[in-house]
Trainee: 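Just passing along the structure, written as structure tokens.
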Amino acid sequence: MLQLENLSFQVADESDSRKEIIKNLNLTIDNHRFIVITGPNGGGKSTLAKLIMGIEKPTGGRILFNGQDITELSITERAKCGISFAFQQPVRFKGIKVKDLITLAAGDALSTAGACEYLSKVGLCARDYINRDVDASLSGGELKRIEIATVLARNTALSVFDEPEAGIDLWSFNNLIKVFEDLHDIDSDRSLIIISHQERILNIADEIVVIADGQVKAQGRRENILPELLQDTGSCRFYQEVQ
Amino acid sequence: MDAIQKELLEQVAGLHEMPAGAYNIRANGEAVARSTTAHIDIVTKTDKSGIDIVIKPGTKKESVHIPVVLSQSGLTEMVYNDFYIGDDCDVTIVAGCGIHNSGDQMSKHDGIHTFYIGKNSHVKYVEKHYGSGEGTGERIMNPETVVELQENSFMELETVQIRGVDSTRRSTRATLADGAKIIVTEKLMTHGKQYAETSFDVDLNGEGSSANVISRAVARDDSRQLFLAKINGNNRCVGHSECDAIIMDNAKISAVPEITANHLDAELIHEAAIGKIAGEQIVKLMTLGLTEAQAEAQIVNGFLK
Ligand SMILES: Nc1ncnc2c1ncn2[C@@H]1O[C@H](COP(=O)(O)OP(=O)(O)OP(=O)(O)O)[C@@H](O)[C@H]1O
Ligand SMILES: [Mg+2]
């Protein structure tokens with residue numbers, strides 16, 4: 001479904017020298033996979049997600065989606081190809097309502113009941129939220145859930161979630177996991193990429209990818225990767241390599 | 001009235017047909033329709049152009065529509081409308097001006113609306129401005145609003161100007177007695193080479209009086225805007241003004257706040273923010289499948305809603 005070939009992303013840092021955030025990265029994600037990407041803070045996970053969505057443009061390499069080279073496509077075009085993305089830090093607006101955002105995400109006229117369904121899935125009482133502005137009045141956790149609801153409403157072949165569980169309370173956690181499992185089960189072509197540090201999310205992955213220092217340090221079935229990750233992080237080789 | 005005038009009327013007053021309640025419709029400088037009620041009288045001024053609107057004390061849940069439309073290129077007019085609102089009223093007044101200019105001469109409507117609002121009365125005043133027509137003649141409106149609020153009265157003033165007015169200078173002055181309150185919300189969008197200036201001048205004279213002036217503005221293309229807000233706290237009072245503006249293309253916006261406390265217990269706040277549309281807002285909407293232009297339109301519409 002998704003192939004990243006020799007992907008690089010460099011930025012100019014303060015001293016005007018080049019800083020490489022993603023380094024010649026190769027990664028293939030098959031259809032109907034539930035992938036969890038993990039790794040140390042600052043390792044390049046969010047940057048990789050933004051490269052997939054087209055929010056950042058790679059300085060080298062190619063991105064293929066269902067065989068098509070999408071490296072030069074805009075965010076809008078990628079969205080239309082079937083990629084969706086839930087931000088680690090969701091954006092706030094002035095004057096855009098929760099219902100507006102979910103309707104735009106669904107891409108066609110959505111009944112209030114339809115929009116409410118997505119909100120219920122992320123554990124928000126739809127009646128209380130549907131007409132609220134997506135602005136500074138929402139709490140961090142509420143905003144995060146609405147962000148997830150917009151991606152559910154998009155209903156795309158590939159969904160990328162950047163730390164969706166951050167700020168979500170414990171009670172809702174089980175429901176959230178169910179949401180991801182259901183999303184994965186809808187049809188056999190669909191894949192999910194979740195960036196997470198949470199063991200409970202790692203536990204439901206088919207495949208785990210460890211990213212550190214802008215590179216893939218490990219990729220494999222959960223059974224093979226997880227035990228090693230769960231050892232004392234201080235001694236974990238994936239984390240050690242970047243220290 | 002012809003089709004163009006009817007369209008203007010719909011834009012500025014939301015009217016498809018003659019409204020219920022009192023009204024006075026002015027088209028190309030002449031009154032074309034008028035209706036009064038048992039509690040609301042409308043009288044043509046004899047010394048100058050304009051009308052007196054007299055609302056009897058105790059009038060509740062009634063409305064007055066006084067839209068003005070201009071469709072004749074080159075027409076300029078100056079109108080004085082005075083509103084005498086008795087004590088204990090609760091009324092809605094809808095004004096508004098639409099200019100359609102298909103010629104090459106300037107069309108201009110200047111108006112001074114003066115409100116005398118009686119004790120304990122609540123007035124909601126809505127004013128929309130709109131311009132259309134392909135002509136090169138300018139469409140100009142300079143509305144002046146003067147408000148005198150008596151004890152414990154309350155005015156909500158909403159002004160909207162979204163399209164088609166080439167030049168506007170809006171001035172609003174209010175004086176408030178004890179316990180009186182005013183809330184002003186302004187929505188303004190300028191485009192092309194338009195110029196818009198709005199000034200608010202509020203005197204909080206009464207004990208326990210309050211004013212809240214909220215402006216949301218968008219300036220695009222080569223347009224320019226100037227926002228002036230002056231609040232004088234002359235007693236124990238609360239005043240707040242806020243200008244929140246989006247700037248696009250080559251537009252220019254200035255916001256000039258002025259708050260003056262002439263009394264120890266005057267609490268006055270001014271907030272002003274001008275900036276372009278946050279890039280991340282556009283990005284988020286693009287990830288939902290909108291093009292950049294669609295995303296921008298969505299953000300601007302929401303902002304001015
Ligand atoms: N535009 C940029 N300019 C400079 N540095 C950047 C830029 N974007 C990201 N970085 C840096 O690149 C590194 C990777 O950032 P990224 O946000 O991808 O990490 P992450 O793996 O998602 O971390 P976390 O687990 O904390 O969310 C960080 O050191 C970050 O500071
Ligand atoms: Mg991150």
Side-chain angles (χ1 to χ4, degrees), chain A residues 46 49-57 73-108 110 118 131-136 143 146-147 149-156 158-162, chain B residues 158-163 183 185-189 212-220 225 227 240-248 253 255 269 271-305:
Chain A
S46 294
K50 287 179 186 162
L51 288 166
I52 295 170
M53 189 70 238
I55 297 167
E56 298 284 7
K57 284 274 148 97
L73 296 192
S74 68
I75 302 171
T76 312
E77 289 163 323
R78 292 185 203 205
K80 288 186 171 150
C81 283
I83 302 177
S84 54
F85 177 50
F87 287 62
Q88 182 171 3
Q89 268 132 9
V91 180
R92 295 174 198 266
F93 295 88
K94 274 180 185 166
I96 292 189
K97 292 191 188 306
V98 172
K99 178 164 191 225
D100 301 334
L101 210 56
I102 293 180
T103 307
L104 288 171
D108 46 28
L110 191 66
Y118 293 114
N131 284 316
R132 283 192 58 182
D133 279 349
V134 186
D135 65 7
L143 191 66
I146 289 160
E147 181 75 2
T150 63
V151 170
L152 298 181
R154 289 223 56 229
N155 197 21
T156 51
L158 177 65
S159 306
V160 183
F161 295 89
D162 196 351
Chain B
E158 292 178 15
T159 67
V160 181
Q161 178 179 314
I162 302 293
R163 281 217 85 75
I183 298 179
T185 48
E186 175 191 59
K187 285 173 186 172
L188 177 64
M189 180 156 86
N212 194 0
V213 176
I214 302 156
S215 165
R216 287 254 171 121
V218 177
R220 53 202 322 165
Q225 294 182 10
F227 172 85
H240 175 245
S241 75
E242 176 183 326
C243 165
D244 201 346
I246 292 179
I247 182 166
M248 299 167 80
I253 303 181
I269 298 174
E271 297 173 82
I274 303 172
K276 62 177 189 291
I277 296 176
E280 56 173 13
Q281 294 180 343
I282 293 181
V283 166
K284 171 63 192 174
L285 296 186
M286 287 174 77
T287 67
L288 302 182
L290 276 69
T291 63
E292 192 171 344
Q294 288 167 336
E296 221 173 70
Q298 191 76 39
I299 291 162
V300 167
N301 285 344
F303 184 74
L304 292 174
K305 205 165 51 196

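Order of the sequence lines sets the chain letters (A, B, ...), proteins ahead of strands, with each chain counted from 1.
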Trainee: For E292(B), does the CD atom sit with more than 12 other heavy atoms under 6.0 Å from it, leaving out its own atoms?
Mentor: no
Trainee: Under 4.5 Å from any heavy atom of chain B, what part of L104(A) do you find: side chain, backbone, both or neither?
Mentor: both
Trainee: Write down the atom of A79(A), the atom of M286(B), and the distance for their closest heavy-atom approach.
Mentor: CB-O, 3.6 Å
Trainee: Name the region of R78(A), side chain, backbone, both or neither, that has any atom closer than 4.5 Å to a heavy atom of chain B.
Mentor: neither
Trainee: Does atom NZ (K57(A)) have a neighbourhood of more than 12 heavy atoms from anything else shown, all under 6.0 Å?
Mentor: yes
Trainee: If contact means a heavy atom pair closer than 4.5 Å, which residues of residues 277-284 of chain B contact chain A?
Mentor: E280(B), Q281(B), V283(B), K284(B)
Trainee: Under a 4.0 Å threshold between the charged nitrogen and the carboxylate oxygen, would D100(A) count as salt-bridged to K305(B)?
Mentor: yes
Trainee: For K94(A), which atoms come within 4.5 Å of any heavy atom of chain B: side chain, backbone, both, or neither?
Mentor: both
Trainee: Given a strict heavy-atom distance threshold of 4.5 Å, which part of N301(B) is in contact with chain A: side chain, backbone, both, or neither?
Mentor: neither
Trainee: Report the residues that fulfil salt bridge (charged side-chain N to carboxylate O under 4.0 Å, His left out) with E158(B), sequence neighbours left out, ordered by chain and then residue number.
Mentor: K124(B)
Trainee: With a 3.5 Å distance limit and no angle check, can you tell me whether R154(A) reaches the backbone of T287(B) through a side-chain donor-acceptor pair?
Mentor: yes
Trainee: Taking all heavy atoms of L288(B) and all of A105(A), pick out the closest pair and write down the distance.
Mentor: CD2-CB, 3.8 Å
Trainee: Side chain, backbone, both or neither: which part of Q298(B) has a non-hydrogen atom closer than 4.5 Å to chain A?
Mentor: both
Trainee: Relative to chain B, which segment of F87(A) carries a heavy atom at a distance below 4.5 Å: side chain, backbone, both, or neither?
Mentor: side chain
